[in-house]
Amino acid sequence: LNRPGTAQRYTLILADPPYDIFMIDEIRRISQLLSESGILALSYPAHIDVPDLPGLKLLKNRHYAAAGIAIYQK
């Protein structure tokens, strides 16, 4: 993410950031690496609302104990 000019795009991104330092800005940056129709599977702390990620459609959202799992598509 920190490399300038990174042109690599991904069809699937699995993101499981640490809950104690969940940084939505980093998740938004990662989501920009999706190819057209790419899928982002995100694990997030269940005590917060499902993250809003511009440019992505929320397909599914489930809670399992302290974890929320959201599936998005570009």
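- A donor-acceptor pair under 3.5 Å is formed between the side chain of R9 and the backbone N or O of Q32.
- Aromatic ring orientation, H63 versus Y44: perpendicular (interplanar angle above 60°, classes split at 30° and 60°).
- A 4.5 Å side-chain heavy-atom check between L34 and I13 finds at least one atom pair inside the cut-off.
- The hydrophobic clustering, which links ILVMFWY residues whose side-chain heavy atoms are closer than 4.5 Å, places L42 and I71 apart.
- Under the 4.5 Å side-chain heavy-atom criterion for grouping Ile, Leu, Val, Met, Phe, Trp and Tyr, I69 is not connected to I27 through any hydrophobic cluster.
- One finds the OG1 atom of T11 at 12.5 Å from the CG atom of L33 (value rounded to the nearest 0.5 Å).
- Checked by atom type and distance alone, the side chain of Q73 never pairs as donor or acceptor with a backbone atom of G38 at under 3.5 Å.
- With I39 as reference, L12 is the one residue of L14, L12, L56 to meet the side-chain contact (heavy atoms from CB on, under 4.5 Å) rule.
- Of all heavy-atom pairs spanning A67 and S43, the tightest one is CB-OG, 4.4 Å.
- Atom CG of L53 sits about 12.0 Å away from atom NZ of K74, to the nearest 0.5 Å.
- Counting only heavy atoms from C-beta outward, the side chains of P17 and M23 never approach each other to under 4.5 Å.
- In this structure, CG in L58 is found 5.5 Å from OH in Y72, a value given to the nearest 0.5 Å.
- Under the 4.5 Å side-chain heavy-atom criterion for Ile, Leu, Val, Met, Phe, Trp and Tyr, F22 and I30 are members of the same hydrophobic cluster.
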